[in-house]
Number of protein chains: 2
Amino acid sequence: MRTETADMPDFSPRQNEVLEQALRLLVEGGEKALTTSGLARAASCSKESLYKWFGDREGLLAAMIAHQAAKVRTFERSGERLSAELLREHLELFARDLLEVLSGDVSLALNRLAIGQSGPGAGPNGSKLGKLLVEHGRRQIDRRAMALIDAGKRVGLLRFDNADAAYHTLYGLIVSDLHVRMLLGEPGLKDTARQAERAIDAFLSLYRTEKQPLEVLRTSSAR
Amino acid sequence: MRTETADMPDFSPRQNEVLEQALRLLVEGGEKALTTSGLARAASCSKESLYKWFGDREGLLAAMIAHQAAKVRTFERSGERLSAELLREHLELFARDLLEVLSGDVSLALNRLAIGQSGPGAGPNGSKLGKLLVEHGRRQIDRRAMALIDAGKRVGLLRFDNADAAYHTLYGLIVSDLHVRMLLGEPGLKDTARQAERAIDAFLSLYRTEKQPLEVLRTSSAR
DNA sequence: GCAGAACCGTACCGTACGGTACTTCAGAGG
DNA sequence: CCTCTGAAGTACCGTACGGTACGGTTCTGC
């Protein structure tokens, strides 16, 4: 949730500043508060510049998504050899991070915005924003989780034939209907750690191999 | 998905007719296509009548949700004693029905509408529509599933201490992130039956008791 | 110091919406 | 036949938005 506008690749610092204000307006007042005039006023720029930079209101929204996605970086630190306990720990950390990201103000506002624009009436580029959001916003998260469960499989702690299906199961166990409920205005859940723990318990029950956490380390691949 | 307007409790037949047209407009053109003038034209009524009947645009939207919810009835036929196979069958049927409902045009349109209105800028009644939608639209579904898994527990086929948590797990396993993805404009998933089967497999793996002669262990791999 | 570009602030235009008022029409009841 | 009630159709109003145009100002390169 940084507010820095240092090294964004796609936009100039000034433009990132404007995008930051746009996100602020969107978070605070919803889509209806994000008007070109309002943004120009809030960001102290001219509407003409907005249209020169982003071409269109659609372009502005897409730029906001890209800008926000560029701020969310997931650290993929691995290297250390996975034990059963370490795998569980990493999975729970992933679950907590996922829940935190999904319940964040900016994420919810952007998802509401994209969903509102994804109706059948939005012409050919109707779900363009939706596509953008799910790709930009999800890729990092997906990669992190996939790498994690793949590593778990590689060391023999997890067992599945379809990594994609396993990941979707993991996602469903963690998120359930919380995302939609929050999008509908329900206040965020009380205890994310508890939810994460339960989800990972279930996931491990489904996909872990039979070796008990204490007797592991004596596998065929032990060196 | 009936179009009959027979015995709605809250509104007159004429009003239900208008609400039906409103839903049609919303499904076909998204929120922006649902204007008071457009609805009056499409439903051959006057705007004045709209405001007399529903008071407000918000009231119209709420009436649409109530109207649609009144159309979705879930049959709760039980009575027959549950066997393991019967329980699985009912769970899979529930999963398929849930996925079908969530991917329905009207459901998606109404969810988009409510989500679009659920931003922080909508004052005190901001998430009013969202609350309405989740209550009216979900209660039937929730009750059906809860009754099902409760029955499963009562006859000793399922085992859990927190029915609510078990139901949320079931929901997450079935829906995963499909709902949000569809709300974002992604086309509905290809094979709901497959998804339902996998979800129920996982759910039963988690919550069934050991006393079942389950040599089947339906493989959730390729078909 | 100067020319040119970039940009801010603002005024402006066309449009479309929510909501209201007014006129017209159809039917029910005496 | 007359009247009254309710609803359709339409015209209208205020507002607000997206997008454009223009004058004034700051920054940059030479």
Side-chain angles (χ1 to χ4, degrees), chain A residues 5 8 10-22 24-26 28-65 109 112-114 116-117 119 121-126 128-129, chain B residues 5 11-26 28-65 109 112-114 116-117 119 121-123 125-126 128-129:
Chain A
T5 62
M8 304 302 176
D10 300 316
F11 303 106
S12 80
R14 177 73 178 114
Q15 289 168 14
N16 283 318
E17 197 179 315
V18 171
L19 291 176
E20 205 63 32
Q21 287 297 320
R24 192 179 59 82
L25 285 181
L26 180 67
E28 289 179 358
E31 176 175 5
K32 73 180 184 65
L34 183 62
T35 71
T36 55
S37 313
L39 176 57
R41 207 178 315 119
S44 292
C45 72
S46 72
K47 290 173 67 174
E48 199 169 6
S49 301
L50 291 182
Y51 284 99
K52 170 175 294 189
W53 293 334
F54 308 110
D56 195 345
R57 190 171 188 266
E58 284 273 331
L60 172 67
L61 304 182
M64 290 168 62
I65 291 180
R112 288 202 187 96
L113 180 66
Q117 300 282 338
N125 57 355
K128 199 172 160 189
L129 282 184
Chain B
T5 62
F11 304 106
S12 79
R14 177 72 177 116
Q15 290 167 13
N16 282 319
E17 197 178 316
V18 171
L19 291 175
E20 205 62 33
Q21 288 296 319
L23 282 179
R24 194 177 59 81
L25 286 181
L26 179 68
E28 289 179 358
E31 176 175 6
K32 73 182 185 63
L34 184 62
T35 71
T36 53
S37 313
L39 176 58
R41 208 177 315 121
S44 292
C45 72
S46 74
K47 289 172 66 175
E48 199 168 7
S49 301
L50 291 182
Y51 285 97
K52 170 174 295 188
W53 293 335
F54 308 111
D56 194 345
R57 190 171 189 265
E58 284 274 331
L60 172 67
L61 303 182
M64 289 169 62
I65 292 180
R112 288 204 187 96
L113 180 66
Q117 300 282 337
N125 57 355
K128 199 172 160 190
L129 282 184

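All values below come from the heavy atoms of this structure, side chains included, with hydrogens, waters and symmetry mates left out.
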Side chain to side chain donor-acceptor pair (under 3.5 Å) involving B/Gln15 - partner list, sequence neighbours excluded:
none
Counting primed atoms, P, OP1 and OP2 as sugar-phosphate and everything else as base, the B/S/- map of nucleotides 9-23 of chain C against protein heavy atoms under 4.0 Å is B-------SBBBBB-
With respect to the phosphate group of C/dC8, does any side-chain polar atom (N or O) of A/Arg14 fall under 4.0 Å of OP1 or OP2?
yes
Using the test salt bridge (Lys or Arg N to Asp or Glu O under 4.0 Å), find all partners of A/Arg41 that sit at least two apart in sequence or belong to another chain.
none
Can you see if the side chain of A/Trp53 gets near the phosphate of C/dA6 - specifically, an N or O under 4.0 Å from OP1 or OP2?
no
Could you tell me which residues satisfy side-chain contact (heavy atoms from CB on, under 4.5 Å) with A/Leu25, sequence neighbours excluded, listed by chain and number?
A/Leu34, A/Leu39, A/Ala42
Tell me, please, which residues at least two apart from B/Ser49 pass side-chain contact (heavy atoms from CB on, under 4.5 Å).
B/Ser46, B/Trp53
Partners meeting side chain to side chain donor-acceptor pair (under 3.5 Å) with B/Gln21 (sequence neighbours left out)
B/Arg24
